[in-house]
Every structure is written in structure tokens, then in C-alpha cells.
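Heads up, the thing below is written out as C-alpha cells.
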There are 2 protein chains.
Amino acid sequence: MTIKEVCEKYDITADTLRYYERVGVIPNVTRTAGGIRDYQETDIAWVENAICFRDAGMPVEMLIEYVKLFQEGDSTIDARANLLKEAREAIVEAKKKYDIALEKLDYKIGRYEIAQKTGKLTWE
Amino acid sequence: MTIKEVCEKYDITADTLRYYERVGVIPNVTRTAGGIRDYQETDIAWVENAICFRDAGMPVEMLIEYVKLFQEGDSTIDARANLLKEAREAIVEAKKKYDIALEKLDYKIGRYEIAQKTGKLTWE
DNA sequence: TATTGACTTTGAGTTAACTCCAAGTTGTAA
DNA sequence: TTACAACTTGGAGTTAACTCAAAGTCAATA
């Protein structure tokens, strides 16, 4: 799969894909004899994970660390498990904050809907 | 309430509070005769909202727009309601992505827990 | 009232995460 | 076999959101 096809599949720019590879968010991608990226199944799986975790606010730095540990082999299993648990906690905490904001928003939106009938907000 | 007290109450730096005021994430804060910030109830309510919405990933730019509309008065009620609904949708979408990442993480963590018993990952 | 610490502003600097550019290479279609 | 789009690298530039520094002002205490 060419870089272009991966871009289109995941709606991400080629620059970002190359950046991820350069800094180590994903391991080095398979290349053709001429040096052009030719994404294999496993390369794509790494891309998919990277996008998924970035979308959940996981820092690039953390993904780099995970890939680094992964490449060091089985001796880093504990470290990787801890890293994933830490990431999990961060996401759970972030989600709580999102819920609080949603509550606040829903309250405000409700008040605006009343206001839209009268043309005025009674307070705020 | 002094800037320091507000900082401590919301675990945010004075620089960030001043920055929020400077760029318009919150309206101008009440001052003493000497020009020193003296946060009143309403000032604090704005701070609280700003922090809450920023924590949910709402861009500073959007908060600035809301404050600007708010200051223009009742004629902007529709615009403000739309802005809040847009913000709400963004948060709902972000939460979905967080859930997908959580699923992936839970799967991986589960596999690592098995691996930790055997000392090896069977695949990945 | 003098000192000390917290406050003020303006503007510059930092960080994370891309995003763009220039100059050169690869691969395909005519 | 040449033209041309799509690829490559290394490095510089951008954006959002702070964060810091310098130089000066305010206010509580000794």
C-alpha cells in the first residue's frame, strides 16, 4: 500500500505519516527496492493504533516510548503493560472531564432554548 | 478574591489566568482602585467555565467567540446557542474516539496480563 | 516610612504536534 | 526514453496554548 493510499484510508496527511515514522511513533515502514514506502499489514496496524491513541489525546512522546520498548523485546513486557495502564487512566480521567463539560453545556443549551422563545436570557 | 487564591482554588497558574483575560477567554476581571484583580462571584464563574470547557478540549478561540457574543447582548442569543451546540457535538465525537481507544487499550492490557504470566507475548 | 513580596503590563520565548519547502529520486505512461 | 506525477529527505516554519522575563506599581508589615 502506498503512502497515498494510507493517507486516504485514514484521512491523515502524508507529512504526518512520515513524521510519525521519523520520530518513532510507528516503527520503520517497509520500503520498495527504490526506497519508497510500501505499507504492509503490520505497518498499517501500527498506523491505525497510532491514530486511534492520538485521537484519544495520548501524547506522541508516550507512543514513541511504547514503540521503543516494543523493539527491545520481551524483557520490556512489564514496562509496556504499565505504560498502557497509565494511558488508560489518563483517558478515563479525560472522559470524566468531558462528562462534566457536557453536563454544563446541556444545562446552558437548555436555558438558551427557553431564551430563544422569549428573546431574552433571564440571567447568567 | 486575589489571583493567587483563584490559582490555588482551580490549580491553574496566574499567567494562564491573566492570559485568559488578555485574549478574551473570560471578560475583564473586577479590579481594586490600585488596578489589582479582585475576582467577584461572576468573574469566578467565568473562570470555572473556561477551565471546564478547556479541559474538554474546547479551543480557546471558541471561548473567545462566546464571550464576544455574550458581550454584544441579547441579539446574539441564537449565535451563542449554535456555538454551544457545536461545542457539544465536538465533545460527543471526541468521547466516541476515547471509547474506541479504551477498547483497544483494554484488549492490549488483557493480552499483556496473560503475557506477564508466561513471560512472553504470543503475538503482536 | 521603608522594605518586602505580590501584584501589574508588554512582549518575547517555549512546547507539542504537526506542516511546509526545496532539491533531488523513482516509477509509469506515451 | 522522455516527461511527469508521486515519491524521497532534511530542515525550517507554523499554530495553539500557554509560560516566562523585565521593569515597574501596590499593599501589608516591621
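In what follows, every chain begins at residue 1, and chains take the letters A, B, ... in the order their sequences are listed. Atom set for the values below is all heavy atoms of this structure, side chains included, hydrogens, waters and symmetry mates excluded.
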Revision key, fill the gap. Sorted by position of nearest nucleotide on DNA chain D, 5' first, the leading residue of B/P59 and B/G34 is B/P59
**Study point:** Within-4.5 Å side-chain heavy-atom neighbours: A/V25 and A/Y19
**Key:** no
Exercise for review: Name the closest nucleotide to the B/V60 side chain, picking from C/dG27, C/dT19, D/dA17.
Suggested key: D/dA17
Check your understanding: Taking the nucleotide of DNA chain C with the closest heavy atom to each, which residue, B/D15 or B/T2, is nearer the 5' end?
Key -> B/T2
Check your understanding: Does one hydrophobic cluster hold both A/M58 and B/I100, with members joined at side-chain heavy-atom distances below 4.5 Å?
Key -> no
Exercise for review: Grab the CD-C1' distance between B/E21 and C/dT9 for me, whole Å please.
Suggested key: 12 Å
Point to revise | Whole-Å distance separating the CD1 atom of A/I12 from the P atom of C/dA17 | key: 13 Å
**Study point:** Rounded distance in Å - CD1 (B/I3) to C1' (C/dG5)
**Key:** 15 Å
Review point. Is any side-chain heavy atom of B/Y112 closer than 4.5 Å to a side-chain heavy atom of A/L84?
Key: yes
Check your understanding: Given D/dC7, C/dT19, C/dG11, which nucleotide is nearest the side-chain atoms of A/R22?
Key -> C/dT19
Revision key, fill the gap. Rounded to whole Å, the OH-P distance (B/Y10 to D/dC18) equals 17 Å
Practice item. Would you indicate what A/R37 reaches in the nucleic acid, counting non-hydrogen atoms under 4.0 angstrom: base, sugar-phosphate, or nothing? Key: sugar-phosphate
Exercise for review: From the options C/dA17, C/dT9, D/dG11, select the nucleotide whose nearest atom is closest to the side chain of A/R54.
Suggested key: C/dA17
Review point. In whole angstrom, what separates A/I36's CD1 from D/dA6's P?
Key: 12 Å
**Study point:** Value in whole Å for how far the P atom of C/dT9 lies from CG of B/L17
**Key:** 12 Å
Exercise for review: Check the distance between C/dA6's P and B/D38's CG and give it to me in whole angstrom.
Suggested key: 18 Å
**Study point:** Proximity to the side chain of A/Y19 - top-ranked nucleotide from C/dT19, D/dA17, D/dA6
**Key:** C/dT19
Exercise for review: Verify the contact: side-chain N or O of B/R31 to OP1 or OP2 of D/dT25, cut-off strictly under 4.0 Å; return yes or no.
Suggested key: no
Exercise for review: Can you label the angle between the B/F70 ring and the B/W46 ring as parallel, tilted or perpendicular, going by 30° and 60°?
Suggested key: perpendicular
Check your understanding: Which nucleotide, D/dT8, D/dC18, C/dC20, lies nearest any side-chain atom of B/Y20?
Key -> D/dC18
Exercise for review: Between B/M58 and A/R18, just flag the one whose closest nucleotide in DNA chain D comes earlier from the 5' side.
Suggested key: A/R18
Exercise for review: Ignoring the backbone of B/T32, work out which of C/dT9, D/dA27, D/dC18 is nearest its side chain.
Suggested key: D/dA27
Check your understanding: Separation of B/K4 atom NZ from D/dA28 atom P, in whole Å?
Key -> 14 Å
Review point. Would a 4.5 Å heavy-atom cut-off, applied to side chains only, mark A/Y10 and A/V47 as touching?
Key: yes
